[in-house]
Amino acid sequence: LLGARRETVQTTSASTTSSSSLRRLSISDGRWLRSGGSSSVAMEHRRMLVTVGLDTGDVEHYYAGVPAGDRCPLTRRFSLSGWYFEPDDVGVTTALSWSEDGSTLAVGWRKRGLALWSPTGAA
């Protein structure tokens with residue numbers, strides 16, 4: 001869930017800081033990405049992409065520009081299996097970071113390896 005935790009939390013409106021401006025967020029205020037197997041996350045705000053690292057070593061992009069409460073569609077999945085690496089070779093995806101201009105995604109794995117990808121998947 002992007003944007004809200006499962007339990008309700010309080011937030012302050014950007015336009016005012018008085019205590020009367022607090023409201024409770026619910027699950028319907030967030031956006032759903034996936035239900036399990038996630039190990040890391042990074043946001044690329046220009047394209048409204050949420051990148052999720054998986055415990056299989058794969059990486060998924062979700063489009064977050066959907067209405068609150070909706071499930072974010074999966075737009076792309078990156079995998080090292082096409083390069084003859086298996087999850088046991090690299091381990092869990094532990095680090096994700098977008099470059100400042102959003103042109104490159106850096107991915108790191110627990111056991112070994114680092115990759116730089118463009119948003120379209122070119123290495």
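It should be emphasised that the depicted structure is a prediction, and the values quoted were computed from it without experimental measurement.
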Exercise for the section: Using a 4.5 Å cut-off on heavy atoms from C-beta on, say whether the side chain of V50 contacts that of E44. Expected result: no

Practice task
Spell out, as yes or no, whether a donor-acceptor pair under 3.5 Å connects the side chain of R47 to the backbone of Y63.
Solution key: no

Handout entry: Heavy-atom side-chain proximity of Y62 to T51 below 4.5 angstrom
Key = no

Handout entry: W98: ring pair (Phe, Tyr, Trp, His ring centres under 6.0 Å) partners, not counting sequence neighbours
Key = H61

Practice task
Treat each ILVMFWY residue as a node, draw an edge where side-chain heavy atoms are under 4.5 Å apart, and state whether W83 and V90 are in one component.
Solution key: yes

Fill in the blank from the handout: Rounded to the nearest 0.5 Å, the CG atom of L105 sits from the OG atom of S99 at a distance of 8.5 Å

Exercise for the section: Return yes if some donor-acceptor pair links the side-chain N/O of S81 with the main-chain N/O of F85 below 3.5 Å, else return no. Expected result: no

Problem - Heavy-atom donor-acceptor pair, S40 side chain to T93 backbone, under 3.5 Å - result: yes

Handout entry: Heavy-atom pair with the smallest gap, counting every atom of D88 and K111
Key = O-NZ, 2.8 Å

Practice task
Spell out, yes or no, whether V92 and L96 are grouped together once hydrophobic residues are joined by side-chain heavy atoms under 4.5 Å, including indirect joins.
Solution key: no

Handout entry: T104 backbone acceptor or donor facing S118 side chain under 3.5 Å
Key = no

Practice task
Can you see which heavy atom on A64 is nearest to which on C72, and at what distance?
Solution key: CA-SG, 3.8 Å

Problem - Hydrophobic cluster membership, L74 vs M43, 4.5 Å side-chain cutoff - result: yes

Exercise for the section: Could you tell me whether the side chain of S39 reaches within less than 4.5 Å of the side chain of T94, counting heavy atoms only? Expected result: no

Exercise for the section: Step by step, work out the side chain to side chain contact (heavy atoms under 4.5 Å, CB included) result for Y84 and D89. Expected result: CA-CA 9 Å; Y84 307 105; D89 297 328; over 6 Å; no

Exercise for the section: Mind checking side-chain contact (heavy atoms from CB on, under 4.5 Å) for R77 and listing every partner two or more places apart, or none if nothing turns up? Expected result: L54, T56, D58, E60

Exercise for the section: Check whether any side-chain heavy atom of V107 sits under 4.5 Å from a side-chain heavy atom of L114, and report yes or no. Expected result: no

